[in-house]
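Encoded as structure tokens, the structure appears first; notes follow it.
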Amino acid sequence: ETGGIFNDVVRATEQLARTGFYAPYAMVVPPHWYSKMHRSINNFGMLEIEHIRQIITHGVYFSSVLPENQLLILSTGVQNFDLAVAQDFK
């Protein structure tokens with residue numbers, strides 16, 4: 001369905017926001033989804049990915065590691081990430 005991925009993104013980001021995970025967001029999708037996002041929706045000449053990038057402002061990426069029926073949306077705010085660095089001093 002044309003526009004279906006955009007609708008999924010809207011629903012997912014609404015759920016994230018309701019649970020305290022706010023924009024900005026980044027997204028990872030399987031390669032075939034990434035390809036499908038490069039199609040025009042609603043005869044306006046705008047690609048679906050362009051609509052998605054208005055919500056997912058920290059990047060839309062693809063990875064063959066994801067199952068074909070899943071996408072991953074991350075809230076990329078600094079409050080959501082910690083970085084732990086370790087080194088073996090032996």
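Heavy atoms only, all atoms of each residue included: L66 and L72 are closest at CD1-N, 4.3 Å.
Of the inter-residue distances, the one linking T19 atom OG1 with E14 atom CD reads 12.0 Å to the nearest 0.5 angstrom. Taken from CD1 in I5 to CE in M27, the straight-line distance is 7.5 Å, to the nearest 0.5 Å. For the atom pair H38 NE2 and E50 CD, the distance stands at 8.5 Å (nearest 0.5 Å). L71 contributes atom CG, which lies 15.5 Å from atom CZ of F62 (distance to the nearest 0.5 angstrom). Here F21 contributes atom CZ and I73 contributes atom CD1; the two are 13.5 Å apart, rounded to the nearest 0.5 Å.
Not a single donor-acceptor pair under 3.5 Å links the side chain of E48 to the backbone N or O of S40. Checked by atom type and distance alone, the side chain of T57 never pairs as donor or acceptor with a backbone atom of P24 at under 3.5 Å.
Between T13 and I56, some side-chain heavy-atom pair lies under the 4.5 Å cut-off.
Pairs of residues two or more places apart, or lying in two chains, that qualify as salt bridge (charged side-chain N to carboxylate O under 4.0 Å, His left out) and include a residue from residues 3-13 are D8-R11.
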Could you list the donor-acceptor pairs under 3.5 angstrom formed by side chains in residues 28-35, with sequence neighbours left out?
unit_1, atom_1, unit_2, atom_2, d
H32, NE2, E68, O, 3.4
W33, NE1, E68, O, 3.0
S35, OG, P31, O, 3.3

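Both M37 and L47 are members of a single hydrophobic cluster when ILVMFWY side chains are connected at heavy-atom separations under 4.5 Å.
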